[in-house]
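The structure presented is a predicted model; accordingly, all values stated were derived computationally and were not measured. Each chain gets a letter, A, B and so on, in the order its sequence line appears, and its residues count up from 1.
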Amino acid sequence: MNTFYLTTPIYYVNDKPHIGHAYTTILADVLTRFHRNEGEDVFFLTGLDEHGQKVQQAAEKRNVAPKDHCDEMAPRFIELWDKLHIKNDDFIRTTEKRHVTVVQKILQEVFDNGDIYEDEYEGLYSVSEERFITEKEAESGEFRDIKKIKEKNYFFKMSQYQQPLIDHINNNPGFIQPEHRKNEVLGFLKKPLGDLCISRPKSRLNWGIELPFDSDYVTYVWFDALINYITAVGFDSDESKFNNYWPANYHLIGKDILTTHSVYWPTMLMSAKLPLPQGIFAHGWWLSGESKMSKSLGNVVDPLGLIEEYGVDPVRYYLMREMVLGQDASFTMESFVKRYNSDLANDFGNLLSRVSNLMKKFFDGKIPTEEDDSDEGIAIKEKGIKTIEIMWAQIESMRVNEAIETTLQFVRSVNKYMETMAPWKLAKSDPESAGKVLFTAAEALRLSAVLLAPVMPNRTKVVLDTFNAEETGLEWGGLKGGVALKPHDVLFPRIDIKKLSQSVEPVQKKAEPDNVITFDEFQNVELKTAMVLEAEKVDGADKLLTLQVDIGGEKRQIISGIALHYTPEELVGKMIVVVANLKPATIFGVESHGMLLAASKGKNLTLITIDSDKVASGMRIH
RNA sequence: GGCGGCGUAGCUCAGCUGGUUAGAGCACCGGAAUCAUAAUCCGGGUGUCCGGGGUUCGAGUCCCUGCGCCGCUACCA
């Protein structure tokens with residue numbers, strides 16, 4: 001039997017579950033349900049990442065033990081998955097004993113293979129990111145709480161596996177998907193790959209898994225977290241299970257964690273001499289309309305609110321139908337309502353109403369017994385059979401949105417068939433034929449329900465219940481005639497757009513741009529006037545100039561990328577504006593203590609200069 | 001700046017290795033029908049396939065170039 005092992009990332013226990021978590025998990029659920037329907041032996045894993053500094057800090061703040069903190073946070077995810085009808089086979093938490101054991105086993109193995117060494121390391125450490133960062137990253141401004149730390153640590157010889165990894169990616173086209181992500185990783189691997197620091201001294205962080213070969217250290221969270229994918233399928237505990245499911249068919253991830261999954265993880269596995277996963281699939285992000293979802297913008301879509309208002313299945317349907325896997329997608333209430341009303345209410349739900357009502361009206365509430373053998377009836381049957389085939393091919397190639405559209409086209413063709421055959425007319429002149437038409441329409445509807453069941457497990461069950469076809473499968477001809485219909489509610493009540501504008505107009509709450517800062521934050525920036533004393537080109541760089549400036553008597557060196565716009569000569573003597581308290585950085589091997597302000601558009605750039613007659617250097621600018 | 005991608009109907013997008021009058025869904029307009037959740041069905045597009053060159057018997061599809069947007073990255077700051 002074919003096996004299908006699919007994972008989501010393990011989510012960080014401190015996070016509040018949002019639409020992104022929900023999306024990935026629903027996607028995994030949908031894919032695995034499809035594969036189950038195909039009769040494959042499926043294993044679907046999700047879980048939580050519970051170690052690391054932020055968890056430790058959050059626990060300290062609340063004055064509880066880290067593990068207790070995790071135990072209290074975990075249900076937020078578990079309950080949401082429950083509400084979303086996620087049918088996972090396992091839920092792993094990295095604090096579980098089974099996982100700790102495996103991580104230590106892998107660490108020991110990698111150590112024994114000679115791929116871990118000790119080194120003194122001095123570098124910039126980002127507390128918020130819990131990792132050492134390069135100077136360039138520090139300069140990027142994307143990291144907070146940066147400290148210079150010098151300490152002994154253990155390193156994983158990731159660099160050794162650079163070429164084998166490149167070869168593997170090239171030899172296995174499906175290894176990183178979609179293709180543009182693969183190209184990104186290959187681009188990343190063009191530069192020399194560094195080794196990976198995989199330890200944290202307990203003096204700094206003790207909420208983690210202890211290194212088996214040095215009890216003064218715990219392991220780096222990513223090294224710990226990635227291993228969950230093999231823990232859960234029985235590595236080192238259940239050999240037959242492990243051999244059955246590993247390597248995973250897909251690790252489903254968001255595009256933000258591509259490097260960890262496509263570089264760290266495969267090289268770790270290479271060192272541990274384990275097979276690599278067959279596929280790593282990075283999907284895009286949900287945007288709120290045009291813009292990124294962010295807490296400060298207040299436009300983060302809450303999945304709970306949506307499902308309470310409209311039900312789980314429509315939300316699952318929308319998320320699956322609207323996103324092209326691998327690209328970003330835009331979430332708007334408008335498109336949600338459109339999808340809901342046109343696809344679910346008008347096409348699918350209404351078809352059930354027409355068919356069941358006609359059966360009630362003309363056939364005593366029973367399903368007729370014979371299939372329509374007219375040309376039109378046979379055409380529907382053939383289209384149904386074709387749909388199964390096409391849809392499955394689309395699912396296998398991760399084109400979920402297309403697979404859904406394929407099924408809906410079939411549903412639409414059944415509405416058309418009804419119109420053509422008009423069984424409500426036939427019932428009066430030729431009841432037998434009318435019965436056949438209704439039977440075929442009902443069978444088509446049953447098949448559509450089975451096809452859509454992975455996406456909408458609940459509402460499709462209503463359809464199957466109505467026709468007493470709960471146990472039928474993915475083949476034409478599952479419907480049994482002669483049975484009484486069960487009553488059903490309106491499958492997808494239409495959403496009234498007028499009511500909507502009053503009740504749910506949530507998404508964009510504030511018109512504030514994404515990048516607002518507070519006054520205090522502005523106050524942190526120390527802008528000062530400065531006189532340019534000297535200027536010269538940086539050796540070997542086209543765009544950089546080294547400036548010596550005077551800021552109220554203090555002499556400073558600043559590197560600036562304006563060489564294409566200003567010659568050194570014309571800068572000397574100018575009064576400019578600099579950010580005086582910028583963290584020093586080394587650019588192109590030269591130290592820079594501050595930055596200057598300039599206005600630019602496209603290729604034009606102009607320095608902000610001050611009339612030096614009126615203002616001395618070193619003045620604060622507010 | 002480098003590498004890569006994208007730019008097709010009002011909107012969201014399909015169009016594989018170049019080949020008949022360029023497609024789908026939604027929206028919009030007109031009509032039919034009345035079994036159904038004011039649902040369904042039929043009909044309706046003068047779209048510079050981003051602009052400009054080129055290769056070819058033939059290009060949305062290949063090549064060059066310009067513009068715009070996006071991703072990764074850099075001597076961005």
Rounded distance in Å - CZ (A:F336) to C1' (B:U12): 17 Å
C1' atoms of B:C11 and B:G47, separation to the nearest Å: 14 Å
Over 12 non-hydrogen atoms of neighbours within 6.0 angstrom of NZ in A:K486: yes
Inter-nucleotide P distance (B:U61, B:G19), Å rounded: 11 Å
Sub-6.0 Å ring centroid separation between A:Y318 and A:Y310: no
First of A:R321 and A:F188 reached from the 5' end of RNA chain B, by closest nucleotide: A:R321
N/O (side chain, A:R494) to phosphate O (OP1/OP2, B:A39) under 4.0 Å: yes
Touch class at under 4.0 angstrom, heavy-atom based, for A:K190 against every strand present: nothing
Interatomic distance at C1', B:U20 relative to B:U12, whole Å: 29 Å
Sugar-phosphate only, base, or nothing, as touched by A:F492 at under 4.0 Å among non-hydrogen atoms: base
C1' atoms of B:C35 and B:U40, separation to the nearest Å: 10 Å
Sidechain N-carboxylate O distance under 4.0 Å for A:D328, A:K255: yes
Protein-nucleotide distance (A:I559, atom CD1; B:A74, atom C1'), rounded to Å: 16 Å
Distance below 4.0 Å between A:K416 side-chain N/O and B:C42 OP1 or OP2: yes
Short side-chain N/O contact from A:N346 to OP1 or OP2 of B:U40, under 4.0 Å: yes
B:A9 - base-pair partner by Watson-Crick or wobble geometry, distances under 3.5 Å: none
Candidate pair A:F281 and A:H251, rule ring pair (Phe, Tyr, Trp, His ring centres under 6.0 Å), full reasoning: CA-CA 6 Å; A:F281 198 106; A:H251 292 313; over 10 Å; no
Salt bridge present between A:R412 and A:D347 (N-O < 4.0 angstrom): yes
Nearest-angstrom distance, C1' atom, B:U73 to B:C62: 29 Å
Distance in angstrom units between A:I495 CD1 and B:U37 P, rounded: 17 Å
Sugar-phosphate, base or nothing in reach of A:L351, heavy atoms under 4.0 Å: nothing
Interatomic distance where NE2 belongs to A:H180 and P belongs to B:G7 [whole Å]: 13 Å
Sugar-phosphate only, base, or nothing, as touched by A:G349 at under 4.0 Å among non-hydrogen atoms: base
B:U48 versus B:A22 - spacing of their P atoms, nearest Å: 13 Å
Between B:A14 (C1') and A:Q327 (CD): distance, integer Å: 12 Å
Donor-acceptor contact below 3.5 Å, side chain A:T440 vs main chain A:V437: no
Polar contact flag, side-chain donor to acceptor under 3.5 angstrom, A:T406-A:Q394: yes
Interatomic distance at C1', B:G23 relative to B:G45, whole Å: 12 Å
Sequence-aligned protein contact record of nucleotides 26-34 of chain B, with B where the base is within under 4.0 Å of a protein heavy atom and S where only the sugar-phosphate is: S-------S
Distance-only donor-acceptor test (3.5 Å): side chain A:N350, base B:A36: yes
Spacing of the C1' atoms in B:G10 and B:C3 (rounded, Å): 35 Å
Check: A:Y340 ring centre within less than 6.0 Å of A:Y317 ring centre: no
Sugar-phosphate only, base, or nothing, as touched by A:T420 at under 4.0 Å among non-hydrogen atoms: nothing
